[in-house]
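Here's the structure we're looking at; comments come further down.
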Amino acid sequence: MKRQRVELINGDITRMDVEAIVNAANNSLLGGGGVDGAIHNAAGADLLAECEKLKGCETGQSKITGGYRLKARHIIHTVGPVWHGGCRDEHSLLASCYQTSLALAKEKRIKTLAFPGISTGVYGFPKDLAALIAVNETKRFLDKHSYPEKVIFVTFGEDNYEIYRKLLEQ
Ligand code: ADP
């Protein structure tokens with residue numbers, strides 16, 4: 001992987017000074033718990049008003065809004081799969097979250113994009129497998145495209161940070 005185009009940070013994604021952050025949303029796009037709730041809280045009520053117009057989003061797909069009170073100018077909302085043991089297409093649906101988010105960033109010529117660990121909270125995706133998919137899909141995309149120029153994986157805890165750090169070292 002082109003290491004200079006990928007970074008790893010442990011922290012709160014709502015505070016990131018990047019052009020766009022990715023939200024681990026649900027099908028309604030109307031907010032929820034975890035990182036979704038934190039992003040809606042930080043961005044303010046105008047975000048919910050824009051999300052209401054989007055009429056939801058299918059699992060594995062992504063939609064973009066403004067960032068409102070965030071430093072980030074855009075939010076890419078992607079809907080990760082709920083983990084059911086791995087037999088319900090979870091792997092390819094999670095890969096699709098990364099692919100469609102990166103494709104939106106490319107289309108909008110977004111230079112810096114920060115991802116949380118999609119589906120690794122209440123949706124229960126195994127963290128090591130989710131990180132492998134995140135890194136592999138991002139690597140594949142960046143090898144082919146010049147936007148986004150940089151992707152930052154933002155972990156929320158040392159355990160997930162270590163998983164990504166080992167993968168990115170390889
Ligand atoms: P999902 O429903 O897709 O599993 P969650 O929000 O429950 O989404 O969790 C996704 C990941 O985001 C988890 O790894 C969780 O630890 C992480 N997370 C929660 N809050 C934040 C935050 N403020 N910044 C970055 N990551 C966060």
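Each residue takes its place number in the sequence, starting with 1. Indexing begins at 1, ligand by ligand and atom by atom, following the structure's order.
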Q.
Between Y68 and E50, do the side chains contain a donor N or O and an acceptor N or O under 3.5 Å apart?
A. yes

**Q.** Interfacing atoms of ligand 1 (cut-off 4.0 Å, heavy-atom, D12)
**A.** 22 (C), 23 (N), 24 (N)

Q.
Please list, in number order, the atoms of ligand 1 under 4.0 Å from a heavy atom of A24.
A. 3 (O), 8 (O)

Q: Determine, using the 4.5 Å side-chain heavy-atom cutoff (strictly less than), whether L70 and V35 are members of one ILVMFWY cluster.
A: yes

Q. Would a 4.5 Å heavy-atom cut-off, applied to side chains only, mark C51 and H40 as touching?
A. yes

Q: For G11, counting its heavy atoms only, list the atoms of ligand 1 lying under 4.0 Å from any of them.
A: 24 (N), 25 (C)

Q) Going from CG on D17 to OG1 on T112, what distance comes out if it is rounded to the nearest 0.5 angstrom? A) 8.0 Å

Q: Provide, to 0.1 Å, the distance between atom 3 (O) of ligand 1 and the closest protein heavy atom, together with that atom's residue and name.
A: S119 N, 2.9 Å

Q. For atom 24 (N) of ligand 1, what's the nearest protein heavy atom and its distance?
A. I13 N, 2.9 Å

Q. If you round to the nearest 0.5 Å, how far is OG1 of T120 from CG of D159?
A. 9.0 Å

Q) Going by distance only, is there an N or O of N160 that falls short of 3.5 Å from an N or O of ligand 1? A) no

(Q) Does any part of the side chain of P116, heavy atoms only, come nearer than 4.5 Å to the side chain of V154, both counted from C-beta? (A) no

Q) What residue and atom, counting heavy atoms only, is the protein's closest point to atom 26 (N) of ligand 1, and at what distance? A) F156 CB, 3.4 Å

**Q.** Which residue and heavy atom of the protein sit nearest atom 11 (C) of ligand 1, plus the separation
**A.** G117 O, 3.2 Å

(Q) If we only consider heavy atoms of G157, is any one of them less than 4.0 Å away from an atom in ligand 1? (A) no

Q | Residue, atom name and distance, where the atom is the protein heavy atom closest to atom 4 (O) of ligand 1 | A | G121 N, 2.8 Å

(Q) Show, in sequence, the C-alpha distance, side-chain angles and deciding distance for L113 and K150, and conclude whether the side chain to side chain contact (heavy atoms under 4.5 Å, CB included) test is met. (A) CA-CA 6 Å; L113 178 67; K150 183 174 279 187; over 6 Å; no

Q: Identify, by atom number and element, the atoms of ligand 1 in contact range of G34, meaning under 4.0 Å from any of its heavy atoms.
A: 6 (O)

Q) What is the closest protein heavy atom to atom 13 (C) of ligand 1, and at what distance does it sit? A) T120 OG1, 3.3 Å

Q. For atom CD of E58, is the number of surrounding heavy atoms from other residues, nucleotides or ligands below 6.0 Å larger than 12?
A. no

Q) Is any side-chain heavy atom of H77 closer than 4.5 Å to a side-chain heavy atom of I75? A) yes

**Q.** ligand 1 atoms in contact with V122 (distance to a heavy atom under 4.0 Å)
**A.** 2 (O), 4 (O), 7 (O)

(Q) Does the residue G37 have a heavy-atom contact with ligand 1, meaning some pair of atoms that are separated by less than 4.0 Å? (A) no

Q.
For atom 12 (O) of ligand 1, which of the options V35, V82, T78, T155 provides the nearest non-hydrogen atom?
A. V35

Q | Sole residue of S96, S119, S62 in side chain to side chain donor-acceptor pair (under 3.5 Å) with T78 | A | S62

